[in-house]
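Reviewing the structure listed below.
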Amino acid sequence: MAETRPHLPEAPAAAPLPEAADGPYDPTAVEAKWYRFWEDGGFFHADVEAVTSGEKEPFVIPMPPPNVTGRLHMGHALQDTVQDLLIRMKRMQGFEALWIPGQDHAGIATQNVVERKLREAGQDRKEMGRETFLQHVWGWREEYGDIILQQKRRLGDSCDWRYSRFTMDEGFSRAVQEVFVRLHEQGLVYRGEYLVNWDPENQTVISNEEVDNVERPGSLWTIRYPVVDANGQDTDEALLIATTRPETIPADTAVAIHPEDERFQHLIGQRVRVPVGDRLVPVIADEAIKMDFGAGALKVTPGHSEVDWEIGKRHEIEVLSIMNLDGTLNELAGAYAGMERVAAKKQIVADLDAQGYLVKTEDYTVTTPISSRSKAVIEPLLSPQWYVSMAPLAEKALEVVNDGTVTFYPARWANEYRRWMEDIRDWPISRQLWWGHRIPVWYYTDADGEIDESREFVVSVDQPEAGMVQDEDVLDTWFSSWLWPFATLGWPDPETETEGAAMASPEALKAFYPASVLVSGYDILFFWIARMIMAGTHFTEAVPYRDVFITGMIKDKQGRWMSKSLGNGIDPLDMADQYGADAVRFTLAVLCAQGQDIKLDPAKFEGGRNFANKVWNASRVFGRYIETDRDGRPTTDAKRTRAFADLSLVERWIVTRLAETVASVDASMRSYRISEAANTVYDFLWRDFCDWYLELIKPGRDESGEFETMDAETLALAVEVFEGALKLLHPFMPFLTEELWWKQRPRHAREALIACDWPSPDPAEQDAEAVALFATVQDLVSAVRQIRAQYGVAPSKPVAVTVSVGGDSAEATAEALESVRSYIERLAGVDDLVIAPDASKPPASAAVVVDRHQVFVPLAGMIDLDAERDRLRKEIEAKRGFLASVEKKLGNENFVSRAPEAVVAKERQKRDDATAEIAALEANLADLG
RNA sequence: GGGCCCUUAGCUCAGGGGUUUAGAGCGCUCGCCUCACACGCGAGAGGUCGUUGGUUCAAAUCCAACAGGGCCCACCA
């Protein structure tokens, strides 16, 4: 759709061809200009019309929206590399590719950041009030919110920025509230007072998924609870109770033992005296108690423990809540009221000890729940919150993964997903924060403006009646993120123009939803990925995306998580400055093997840098023969005129290899084997294109040191093949490839590489025989080089070589090799080459067996006979070992009769070849005397 | 307590029933500033694919157990 782009900028001038003295490729100069060209030129734009008209298939990736407080880290760089790779590739393959960027408002994180900043300025959130505080947050977002999006541009992310959404923008907010209203109407959202994970630091509830369980050294105290008689007087008996949390003793409302515990049968139904506060509580029996833990009795504290809450429910035990929201004890804690929980714990233990109730204190490893946000110790607390019933949503979400509508890559993540979905819990969605989507619940007020509890609340996006007040709480951040793939496109109401939704329209929603792929880390599989699938199937009756590609997580060199506190983070932008964004991308792609975590050593980016440099230099070999104007723009459009059959052997070989590479890259990418695809492109360019093809076609210099010319046809083919390689490489290294692209031919701005068609090689232009013959050339060249290296023949010194051609069709092979003798001469430094079937060995020559052929290099006076004999003996020995293994196989009746014929034939071929080679080697050995 | 992953060359990792007797990058050894590239070129050394069993004509590859390492989930107070 290039034609529809209004003001195509001129392509930036290509830098003049560097001279050798210029040193290595400098990405900084090159990378700066292209992003602007692409962005200004609208190359990232996805056109709705192209899809609705049926002209193109959509390919859509919703970018995991980074937090507004976020700064680009290696995890982003990895995931963005994968996403941009897919987007650029699909775009070139003719899809209307849309990568939707945006940002997440990140409730707690952002509120904390802004609050901290205000505190530094001596201001307090609570003093300034909700409205003023929110203004500060929006101001903060104005100022810093775009930083991470700018950082993503540096990496080359080709997202359509026009589609960018913020989860707090007007339309998105309406979608969030609409979802709450709908769920309420469907009976799937409810308010309830249960034990929640309370973060006393942030003073908000958080969900189970936001709690980390950490093992910490602590103590296990054993405390005596006296059994009392009918009159409430202490008897001689007592239950010993082990606890790690004595500060909750004031909230004990029962003591429990196992129903089958012989020791305490007679106590069931009796009462004990809680040694703090002297309350009398019943002894109950419950299966959940472990007889062998501590002394076999558990204090039941339903107000402050999840397990106890469950036990309490079963036995209708009273619930006491002794803690305030800030973590201090309340008046129900009696003497300890007002104390902070840690201080209270110490004091209670000291008092129990003084009063003789403390039986013993042991060191004990306590599993402590920690808020992943504030790192504060979570307090299970009774609190009224809003919940979503998840089971009905999970059912459909499970189905679409089970029936393959959604596919996970790697597949094992589908199992993790299932496991979670099958055992899902309701989701507490209210948060006691200010920054976020206000819960759309409205209350009637009385004459004093207080909430009138006697009247039913109303759930509605807009204020239902004047004078009603809205619920103070906001919704969990993930309650907006789970709508990301469709709310970004304007769902549920794309007709209504809302701020921040420039591209939303019914057509866009229809064209670009569902998305194609989601790329994310497994750390948010449950937080986000699973919930999006639930939201998609529930609200839109569609899956949000067909494929889910789960990347590994980036760790440091030693395998530890990168964190601010460890200071072991590697900044992708530093790396981009140091090595180039292309190098960062390519390196990450190479490291992106399926699903494994990546232990990243910054030195690894050198590999990507070296490759960029290699490609850059390769272009110079033939690039110097392309005529250009003063701005470095090519002035001629050399196209090959020769038919494929008329190409030289190495040309037919490289064209075939390119075709094979395209097929291989396509296959790898189809199954998200990113690293495999990257390595395939790398090998083609470095091993095939540079090491062999360029070495053969590059002109030398004549006696006076002037470059010889390159003929137009050779140049045309080099440009053609290199362009194919640039296309393959472009999704990995967009900047470098775009730069080199413009050095090849005169082009119109719309023919930027980013907008090019993906290579689709002509099946007629592939030549398996050329590949086979060239492989022989490569082997012969290597053989000569081997001898040269072994005997220390200076690279500058030419040698004479005799190739004794063997095998079944020696005559034909010799003839074919004869036609490309110059390759061998050139690459192996040969000045006198004899190629003949069964040529005899020149005297005093070193010999190497290559397939059925032999390579002889006469080295009068240079050969160390003993060393040569040694080498030959070793080689013979190795070959014999190989032959033995093959013969063993062939001697196995079962193998011959049961293995496929082709496999057996292959083994026979191996045996025959090895036999012939051994014979040749032995002849050489004998010849040495 | 359940579940998942990893264990292959000195290091970091690919591969995942027969593709020569196992590959890459880095590191190492030897020789080269060969006029695209020393961020380079050529030639090498280096591994009984964690252990033990099994399935199979054939196992690094599939299965089981075990041993190390890591991760996730779970209410042991």
Side-chain angles (χ1 to χ4, degrees), chain A residues 18 20 23-25 213 220 241-245 256 288-290 292-294 297-301 305-311 364 366-367 412-413 415-416 419-420 423 522 525-526 553 557 559 579 583 587 590-591 593-601 603-604 606-607 609-624 673 675-676 679 682-683 690-691 694-695 698-701 705-707 782 785-790 792-796 827 829 851 878-879 881-886 889 892-900 902-904 906-907 909-910 913-914:
Chain A
Y25 167 60
N213 289 305
L220 183 67
I241 287 170
T243 180
T244 57
R245 306 201 59 208
I289 282 67
K290 302 225 158 56
D292 55 357
F293 188 90
L298 171 76
K299 71 189 203 60
V300 181
T301 321
S305 157
E306 188 76 28
V307 198
D308 297 13
W309 168 265
E310 295 296 327
I311 295 173
Y364 192 74
V366 185
T367 307
R412 68 187 149 92
W413 291 109
N415 294 330
E416 288 284 307
R419 212 162 45 76
W420 192 69
D423 189 30
Y522 56 77
L525 179 61
F526 306 138
M553 308 301 294
K557 210 170 148 178
Y579 300 107
T587 301
V590 166
L591 295 175
Q594 285 229 357
Q596 289 317 119
D597 286 347
I598 296 168
K599 281 196 242 173
L600 189 65
D601 178 345
K604 292 205 166 166
E606 286 173 14
R609 178 201 59 185
N610 294 354
F611 183 45
N613 185 238
K614 186 73 180 177
V615 175
W616 175 259
N617 279 301
S619 75
R620 293 166 47 192
V621 173
F622 52 90
R624 73 173 86 244
R673 294 198 299 266
S675 129
E676 196 176 271
N679 279 128
Y682 179 96
D683 283 343
C690 290
D691 287 354
L694 283 188
E695 288 301 328
K698 73 178 179 189
R701 292 193 186 192
E706 289 301 305
F707 280 108
S782 292
R785 285 171 173 173
Q786 201 182 316
I787 292 168
R788 298 186 72 116
Q790 188 184 350
V793 182
S796 52
L827 295 175
D851 300 330
K879 275 280 186 259
F882 172 62
L883 181 60
S885 77
V886 174
K889 247 188 214 177
N892 182 341
E893 184 50 40
N894 277 326
F895 172 71
V896 179
S897 59
R898 295 205 202 180
V903 174
V904 178
K906 199 183 269 177
E907 290 301 315
Q909 183 66 45
K910 282 189 207 167
D913 287 348

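Note that these values count all heavy atoms, side chains included, but never hydrogens, waters or copies made by symmetry. Numbers restart at 1 for each chain; the letters A, B, ... are given by sequence-line order, proteins then strands.
Distances shown here put a side-chain N or O of A:Lys698 below 4.0 Å from the OP1 or OP2 atom of B:A36. Taking side-chain N and O atoms only, A:Asn610 has a distance below 4.0 Å to OP1 or OP2 of B:G40. For B:A77, the OP1/OP2 oxygens have a side-chain nitrogen or oxygen of A:Tyr364 closer than 4.0 Å. Considering only side-chain N and O atoms, A:Lys614 lies under 4.0 angstrom from the phosphate OP1 or OP2 of B:C41.
At the heavy-atom level, A:Ala878 lies under 4.0 Å from base atoms of the strands shown. Looking at heavy-atom distances under 4.0 Å, A:Ser782 makes contact with sugar-phosphate atoms alone, never a base. When heavy atoms are screened at a 4.0 angstrom cut-off, A:Arg412 is found touching the sugar-phosphate backbone but no base atom. As judged by a 4.0 angstrom heavy-atom cut-off over every strand, A:Asp601 is placed among residues making no nucleic acid contact. The residue A:Thr244 sits close only to the backbone: its heavy atoms come under 4.0 Å of sugar-phosphate atoms, none of a base.
Taking atom CD1 of A:Ile598 as the reference point, atom C1' of B:C71 lies 16 Å away to the nearest angstrom. Atom CZ of A:Arg788 and atom C1' of B:G42 are 10 Å apart (whole Å). For the pair A:Trp420 CH2 and B:C71 P, the computed distance is 22 Å after rounding to whole Å. One atom, OH of A:Tyr579, and another, P of B:C26, lie 13 Å apart when rounded to the nearest Å. B:G40 atom C1' lies 14 Å from atom CG of A:Leu694, rounded to whole Å. A:Phe293 places its CZ atom 15 Å from the C1' atom of B:G1, with the value rounded to the nearest Å. Taking atom OH of A:Tyr682 as the reference point, atom C1' of B:C26 lies 10 Å away to the nearest angstrom. In this structure, the CD atom of A:Glu416 is 14 Å from the P atom of B:C71, given to the nearest Å.
A donor-acceptor contact under 3.5 Å is formed by the side chain of A:Glu695 with the base of B:A36.
Listed nucleotides: B:G42, B:U34, B:C39. Nearest to the side chain of A:Arg785: B:G42. Among B:A36, B:G42, B:G44, the nucleotide with an atom closest to any side-chain atom of A:Gln786 is B:G44. Closest to the side chain of A:Asn613, out of B:U21, B:C39, B:C76, is B:C39. Closest approach to the A:Lys290 side chain among B:A43, B:A36, B:C76 is made by B:C76 (side chain taken as heavy atoms from C-beta onward). When each of B:U12, B:C41, B:A36 is scored by its nearest atom to the side-chain atoms of A:Cys690, the top-ranked nucleotide is B:A36. Of the candidates B:A36, B:C72, B:U12, B:U12 carries the atom nearest the A:Lys599 side chain, counting heavy atoms from C-beta on. Closest to the side chain of A:Asn617, out of B:C41, B:A36, B:U21, is B:A36. For A:Thr367, whose side chain is taken as the heavy atoms from C-beta onward, the closest listed nucleotide among B:A77, B:C73, B:A36 is B:A77.
Judged as a side chain to side chain contact (heavy atoms under 4.5 Å, CB included), and not counting sequence neighbours, the contacts of A:Glu907 are A:Val886, A:Lys889, A:Leu890, A:Phe895, A:Lys910.
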Identify each atom pair where a protein N or O and an N or O of nucleotides 14-20 of chain B are less than 3.5 Å apart, giving names and distance.
none

Worksheet item: Which is it for A:Asn610 and A:Glu606 under the side chain to side chain donor-acceptor pair (under 3.5 Å) test, yes or no, and what are the steps along the way?
Response: CA-CA 6 Å; A:Asn610 294 354; A:Glu606 286 173 14; 5.6 Å; no
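At a cut-off of 3.5 Å, with distance as the only test, a side-chain donor of A:Arg620 or A:Asn617 sits close to an acceptor on the other residue.
For A:Arg609 and A:Ala618, each mapped to the nucleotide of RNA chain B holding its nearest heavy atom, the one lying further toward the 5' end belongs to A:Ala618.
Helical stems in RNA chain B, defined as runs of 3 or more consecutive Watson-Crick or G-U wobble pairs with both donor-acceptor distances under 3.5 Å, are listed by first residue as B:1-7 with B:67-73, B:10-13 with B:23-26, B:28-32 with B:40-44, B:50-54 with B:62-66.
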